[in-house]
Chemist: 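Let me give you the structure first, and then I'll get to my questions.
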Amino acid sequence: LFILDSLLSFRWLVIAVGLVRAYLAKGSYHSLYYSIEKPLKFFQTGALLEILHCAFGIVPSSVVLTAFQVMSRVFLTWAVTHSVKEVQTEDSVLLFVVAWTITEIIRYSFYTFSLLNHLPYLIKWARYTLFIVLYPMGVSGELLTIYAALPFVRQSGLYSISLPNKYNFSFDYYTFLILVMISYIPIFPQLYFHMLHQRRKVLSHTEEHKKSE
């Protein structure tokens, strides 16, 4: 488990280093996506295994929450950012990539130190506090990227199936993306308030433990 969590944390460090190096080389944060495109696709697709890890208890996270988070990120990575080339230069892409990267580095550092039975308070605090900013930041980047993709999807008819056809079935990817955006309205508050509840529970317990000592 220690090795697994260390590797999962390391893969996001690779992306973080790639972003910093590209920024220092270019002197601008615009279009940094291309500097980390390949590792992002590889690592984020590999994250599908995390759903199984949660299901078998290898990683101490909710299966439902992990599945939603991973699937939404894989969707953003491939079905939106990869498929609609025009959005790859949007600053919103960098917004969600940075949010994902910081979140995952903190999360797997938390798991790694927990397995070592030597969890620094700073990492615990970061795990249950920085999401307050990072979560809305990531969601904003995701929604803005999908929104930016809409005109190009409508113009190209990407992934859409029109009638008539032998299957008597139609699918409008443009409408589907709009529905995906709407789905954030009920889901995001539930996940966000769940994390706020976890924060109060974990950090208050830590404070009580410190006082008892």
Chemist: Scan the side chains in residues 90-97 for donor-acceptor partners under 3.5 Å anywhere in the protein, sequence neighbours excluded, and list what turns up.
Modeler:
from : atom 1 : to   : atom 2 : distance (Å)
D91  : OD1    : H30  : ND1    : 3.0
S92  : OG     : T145 : OG1    : 2.8

Chemist: Please enumerate all residues that pass side chain to side chain donor-acceptor pair (under 3.5 Å) together with R21, with sequence neighbours excluded.
Modeler: none

Chemist: Looking at every non-hydrogen atom in both residues, tell me the closest pair between F43 and R11 and how far apart they are.
Modeler: CE1-O, 3.2 Å

Chemist: For A16, give me all partners under side-chain contact (heavy atoms from CB on, under 4.5 Å), at least two apart in sequence or on another chain.
Modeler: T101, I105

Chemist: State whether the number of non-hydrogen atoms from other residues, nucleotides or ligands found under 6.0 Å of Y23 atom OH is greater than 12.
Modeler: no

Chemist: Out of the candidates Y121, F131, W125, Y128, only one should pair with F110 under the ring-ring contact (aromatic ring centres under 6.0 Å, His included) rule; please name it.
Modeler: Y128

Chemist: Rounded at 0.5 Å granularity, tell me how far CG in L122 sits from NZ in K124.
Modeler: 12.0 Å

Chemist: Determine the minimum heavy-atom distance between S156 and F152, stating which atoms define it.
Modeler: OG-O, 2.8 Å

Chemist: With side chain to side chain contact (heavy atoms under 4.5 Å, CB included) as the test, would you mind laying out the steps for Y34 and T89 before giving the verdict?
Modeler: CA-CA 9 Å; Y34 300 108; T89 56; 3.4 Å; yes

Chemist: Are L158 and Y174 side-chain neighbours, meaning at least one heavy-atom pair lies under 4.5 Å?
Modeler: no

Chemist: F169 and I161: which non-hydrogen atoms are nearest, and at how many Å?
Modeler: O-CG2, 3.5 Å

Chemist: For L119 versus S114, what's the shortest heavy-atom pair and its separation?
Modeler: CD2-OG, 3.8 Å

Chemist: According to a hydrophobic-cluster definition based on side-chain heavy atoms being under 4.5 Å apart (Ile, Leu, Val, Met, Phe, Trp, Tyr only), do I132 and M195 belong together?
Modeler: yes

Chemist: Are any non-hydrogen side-chain atoms of E50 and Q69 less than 4.5 angstrom apart?
Modeler: no

Chemist: Flag yes if more than 12 heavy atoms outside R154 fall under 6.0 Å of its CZ atom; otherwise flag no.
Modeler: no

Chemist: Only counting residues at least two apart or in another chain, list the ones meeting ring pair (Phe, Tyr, Trp, His ring centres under 6.0 Å) with F171.
Modeler: F176

Chemist: Once side-chain hydrogen bond (donor to acceptor under 3.5 Å, both in side chains) is applied, what residue pairs with a partner in residues 133-143 remain, sequence neighbours excluded?
Modeler: W100-E142, E142-Y184

Chemist: For the atom pair CD1 (I15) and CG (L40), what is the distance rounded to the nearest 0.5 Å?
Modeler: 5.0 Å

Chemist: Taking only residues two or more places apart in sequence or in another chain, which ones pass side-chain contact (heavy atoms from CB on, under 4.5 Å) with F42?
Modeler: none

Chemist: Do V70 and L49 share a hydrophobic cluster, counting only Ile, Leu, Val, Met, Phe, Trp and Tyr and linking them when any side-chain heavy atoms are less than 4.5 Å apart?
Modeler: no

Chemist: Distance check, rounded to the nearest 0.5 Å: M137 atom CE versus L130 atom CG?
Modeler: 11.0 Å

Chemist: Taking only residues two or more places apart in sequence or in another chain, which ones pass side-chain contact (heavy atoms from CB on, under 4.5 Å) with M181?
Modeler: L143, I146, Y147, L150

Chemist: Mind checking whether F188 and V64 sit in one hydrophobic cluster, side chains of I, L, V, M, F, W, Y counted as touching below 4.5 Å?
Modeler: no

Chemist: Would L163 and Y173 show up in the same hydrophobic cluster when neighbours are defined by side-chain heavy atoms closer than 4.5 Å?
Modeler: no

Chemist: Strictly distance-based, threshold 3.5 Å: is any side-chain N or O of T129 a donor or acceptor partner for the main-chain N or O of A126?
Modeler: no

Chemist: Let me check something: do M71 and I187 share a hydrophobic cluster, defined by ILVMFWY side-chain heavy atoms less than 4.5 Å apart, either directly or through other members?
Modeler: no

Chemist: Among residues at least two apart in sequence or on other chains, which ones pass side chain to side chain donor-acceptor pair (under 3.5 Å) with T175?
Modeler: D172

Chemist: Is the shortest side-chain heavy-atom distance between R127 and V202 below 4.5 Å?
Modeler: no

Chemist: Are there more than 12 heavy atoms of other residues, nucleotides or ligands under 6.0 Å from atom NZ of K85?
Modeler: yes

Chemist: Using the side-chain contact (heavy atoms from CB on, under 4.5 Å) criterion, which residues pair with I102? Sequence neighbours excluded.
Modeler: V98, I106, L134

Chemist: Below 3.5 Å, can you tabulate the donor-acceptor pairs from side chains in residues 74-81 to any protein atom, sequence neighbours excluded?
Modeler:
from : atom 1 : to  : atom 2 : distance (Å)
T77  : OG1    : R73 : O      : 2.8
W78  : NE1    : T45 : OG1    : 2.7
T81  : OG1    : L76 : O      : 2.8

Chemist: side-chain hydrogen bond (donor to acceptor under 3.5 Å, both in side chains): which pairs involve residues 157-169, sequence neighbours left out?
Modeler: S83-Y159

Chemist: Please enumerate all residues that pass side chain to side chain donor-acceptor pair (under 3.5 Å) together with K26, with sequence neighbours excluded.
Modeler: none

